[in-house]
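Worksheet for the structure shown next.
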Amino acid sequence: MTTLFISDLHLEESRPDITDAFLEFLKDKAYGIDSLYILGDFFEAWIGDDERTPLQEQVAEALRAVNESGTQIFLMHGNRDFLIGHEFCSRAGATLLDDPTVVDLYGTSSLLMHGDSLCTRDVEYQKFRANMRNPQWQQMILQRPLADRQQVARQLREISMAKNQGKQESIMDVTPEEVVRELEAHGVQRMIHGHTHRPAKHDIEANGKPAQRIVLGDWHTHVWWLTVEEGKDPVLESYPL
């Protein structure tokens, strides 16, 4: 009885080493388990399910094979790939999850999030996030020609990188009070998220009781995942790319 969590792979053509590591990870660890959760920023960019690059098709095929082995696959949007839709998920044998979502992990209710909504001190980013998650804006973007969307994605990436270089690290991390607020709003004692690229397990307090926040790692230099098994404490694991 095993469930795995990953996030922030940022798959892209310029990093074939990450794609190769992901495909190997699936073969070694994901076949025949209970579930695999991918909590956002799976791809570095996503401009619509109609793009269908060789990388996207390769990944969809690999996930479909894992799903056919009996593993349930769940995918959550990140701040890079929020336009992933049901068409891609259907090809990949995956189910698209809302952010946030509460799931039962072997008797423990756990709040799953990408994590960017927790960074409330970054006011400028939160305004940007609200615009990008607006269904009307998304529909407008998806109606534009593919070449136009590719250009928009490049521009947004450049703007994001430039702005982040001038921000304090603390602003781009989660707001502790927001973490507690989310745990209490959902009545749970465990949160699992990605986004911040700061893998760790944090013991905190919420609902007047001990609680836990588990942060998944990004795949820039290491393969990171969280293993949750029935009757055992969750384990963050990694190895170098």
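Counting begins at 1 with the first residue of the sequence.
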**Request:** Look at the aromatic rings of Tyr239 and Trp225 and report parallel, tilted or perpendicular, splitting at 30° and 60°.
**Result:** perpendicular

**Request:** Check the pair Ser109 / Arg190 against side chain to side chain contact (heavy atoms under 4.5 Å, CB included), numbers first and verdict last.
**Result:** CA-CA 7 Å; Ser109 294; Arg190 179 197 286 160; over 6 Å; no

**Message:** Side chains of Gln126 and Cys119, heavy atoms from C-beta outward: is any pair under 4.5 Å?
**Reply:** yes

**salt_bridge(Glu124, Lys127) N-O dist < 4.0 Å** = no

**Request:** Please tell me if the side chains of Thr175 and Leu118 come closer than 4.5 Å, counting only heavy atoms from C-beta onward.
**Result:** no

**Prompt:** Is the distance between the ring centroids of Phe42 and Phe88 under 6.0 Å?
**Reply:** no

**Path from Val102 to Tyr106 over hydrophobic side-chain contacts below 4.5 Å** = no

**Request:** Answer whether the closest heavy-atom distance between the side chains of Lys201 and Leu236 falls below 4.5 Å.
**Result:** yes

**Message:** Looking at Asp104, I want to see if its CG is surrounded by more than 12 non-hydrogen atoms of other residues, nucleotides or ligands under 6.0 Å.
**Reply:** yes

**Message:** Which label fits His10 and His197: parallel for a plane angle under 30°, tilted from 30 to 60°, or perpendicular past 60°?
**Reply:** perpendicular

**Complete:** d(Arg144 CZ, Gln150 CD) to nearest 0.5 Å is 12.0 Å

**Asked** Which value, rounded to the nearest 0.5 Å, describes the distance between Leu26 atom CG and Asn67 atom CG?
**Response** 11.5 Å

**Prompt:** Would the number of heavy atoms belonging to other residues, nucleotides or ligands and lying under 6.0 Å from CD of Glu68 be above 12?
**Reply:** yes

**Message:** Test of understanding: clusters of I, L, V, M, F, W, Y form through side-chain heavy atoms closer than 4.5 Å, transitively. Do Leu83 and Phe128 belong to the same one?
**Reply:** yes

**Request:** Might you work through the side-chain hydrogen bond (donor to acceptor under 3.5 Å, both in side chains) test for His193 and Arg213, ending with a clear yes or no?
**Result:** CA-CA 8 Å; His193 72 81; Arg213 177 171 72 95; 2.9 Å; yes

**Message:** With a 6.0 Å cut-off (strictly less than), is the heavy-atom count around NE2 of His202, excluding the residue itself, greater than 12?
**Reply:** yes

**Asked** With distance as the sole test, does Thr53 use its side chain to make a donor-acceptor pair with the main-chain N or O of Gln56 at under 3.5 Å?
**Response** yes

**Message:** For the backbone of Gly32 and the side chain of Ser69, can you confirm whether one donor and one acceptor N or O come within less than 3.5 Å of each other?
**Reply:** yes

**Request:** Please check if the side chain of Arg64 supplies one atom and the backbone of Ser90 the other of a donor-acceptor pair under 3.5 Å.
**Result:** yes

**Request:** Take the angle between the ring planes of Phe25 and Trp219 and call it parallel below 30°, perpendicular above 60°, tilted in between.
**Result:** perpendicular

**Message:** Tell me if the CG atom of Asp233 is crowded by more than 12 foreign heavy atoms within 6.0 Å.
**Reply:** no

**Fill in**
So CE of Met76 and CG of Asp41: to nearest 0.5 Å the spacing works out to 12.0 Å

**Complete:** Between the CD1 atom in Ile214 and the CG atom in Leu111, the distance rounded to the nearest 0.5 Å is 11.5 Å

**Request:** Verify, without hydrogens or angle tests, whether Asp98 (side chain) and Pro100 (backbone) share a donor-acceptor contact under 3.5 angstrom.
**Result:** no

**Request:** Report the C-alpha separation of Gln72 and Leu36 in whole Å, then their side-chain angles, then the decisive distance to 0.1 Å, and conclude whether the side chain to side chain contact (heavy atoms under 4.5 Å, CB included) test is met.
**Result:** CA-CA 6 Å; Gln72 294 187 89; Leu36 170 67; over 6 Å; no

**Item:** Shortest non-hydrogen separation from Arg133 to Phe82 and the atoms involved
**Value:** NE-CB, 3.8 Å

**Request:** With the side chain counted from C-beta on, respond yes when Leu75 and Thr95 share a heavy-atom pair under 4.5 Å apart, and no when they do not.
**Result:** no

**Asked** CD of Glu61: more than 12 outside heavy atoms within 6.0 angstrom?
**Response** no

**Request:** Measure from the side-chain N and O atoms of Glu51 to the backbone N and O of Leu146, and report whether any donor-acceptor pair falls under 3.5 Å.
**Result:** no

**Request:** Might you confirm whether atom NE2 of His220 has over 12 heavy atoms from other residues, nucleotides or ligands at distances under 6.0 Å?
**Result:** no

**Item:** Side-chain touch Tyr37/Ile73, heavy atoms, less than 4.5 angstrom
**Value:** no

**Item:** N/O donor-acceptor pair under 3.5 Å between Arg121 side chain and Val174 backbone
**Value:** yes

**Prompt:** Which is it for Leu55 and Thr19 under the side chain to side chain contact (heavy atoms under 4.5 Å, CB included) test, yes or no, and what are the steps along the way?
**Reply:** CA-CA 8 Å; Leu55 169 63; Thr19 302; 3.4 Å; yes

**Prompt:** Ignoring hydrogens and geometry, is there a side-chain-to-backbone donor-acceptor pair from Tyr125 to Ser117 under 3.5 Å?
**Reply:** no

**Message:** Tell me which one of Ile33, Thr227, Leu226, Leu105 satisfies side-chain contact (heavy atoms from CB on, under 4.5 Å) with Thr3.
**Reply:** Leu105

**Request:** For the residue pair Val103 and Phe74, establish whether any side-chain heavy-atom pair is separated by less than 4.5 Å.
**Result:** no

**Prompt:** Can you find a pair of side-chain heavy atoms, one from Gln189 and one from Lys209, that are under 4.5 Å apart?
**Reply:** yes

**CA sep, side-chain torsions, deciding dist, call: Arg149, Asp50, salt bridge (Lys or Arg N to Asp or Glu O under 4.0 Å)** = CA-CA 11 Å; Arg149 282 179 269 150; Asp50 58 329; 2.8 Å; yes

**Request:** Mind listing the closest non-hydrogen atom pair of Ile192 and Leu39 along with its distance?
**Result:** O-CD1, 3.8 Å

**Request:** Check the pair Glu57 / Arg91 against salt bridge (Lys or Arg N to Asp or Glu O under 4.0 Å), numbers first and verdict last.
**Result:** CA-CA 9 Å; Glu57 294 296 86; Arg91 298 201 306 270; 3.2 Å; yes

**Item:** Between CG on residue Leu183 and CD on residue Glu178, distance to nearest 0.5 Å
**Value:** 10.0 Å

**Prompt:** For the residue pair Ile204 and Gln212, what are the closest heavy atoms and their distance?
**Reply:** CG1-N, 4.2 Å

**Asked** Just wondering, do His86 and Asp49 contact through their side chains at under 4.5 Å, heavy atoms?
**Response** no

**Prompt:** Do you know which two heavy atoms are closest between Arg198 and Met172, and how far apart they sit?
**Reply:** NH1-O, 4.0 Å

**Asked** Same hydrophobic cluster for Ile47 and Ile141, using side-chain heavy-atom links shorter than 4.5 Å among ILVMFWY?
**Response** no

**Taking every non-hydrogen atom, the tightest pair across Pro234 and Val228** = CB-CG2, 4.1 Å

**Asked** Can you name the nearest heavy-atom pair linking Met132 to Trp137, along with the distance?
**Response** SD-CH2, 3.4 Å

**Under-4.0 Å salt bridge between Arg129 and Asp99** = yes

**Prompt:** Can Leu4 and Thr2 be said to form a side chain to side chain contact (heavy atoms under 4.5 Å, CB included), step by step?
**Reply:** CA-CA 7 Å; Leu4 301 181; Thr2 301; 3.9 Å; yes

**Arg80 bridged to Asp116 by N-O distance under 4.0 Å** = no

**Asked** With the 4.5 Å side-chain cut-off for hydrophobic clustering, are Leu63 and Leu9 part of the same group?
**Response** yes

**Message:** Keeping Asp81 on the side-chain end and Ile84 on the backbone end, is there a donor-acceptor pair under 3.5 Å?
**Reply:** no

**Request:** Using the side-chain hydrogen bond (donor to acceptor under 3.5 Å, both in side chains) rule, take His195 and Asp8 through it: C-alpha gap first, then chi angles, then the decisive distance, then the call.
**Result:** CA-CA 6 Å; His195 178 66; Asp8 299 279; 5.1 Å; no

**Heavy-atom neighbours of Gln136 CD exceed 12 at 6.0 Å** = no

**Asked** Is it true that Val223 and Val66 fall in one hydrophobic cluster, defined by side-chain heavy atoms closer than 4.5 Å?
**Response** yes

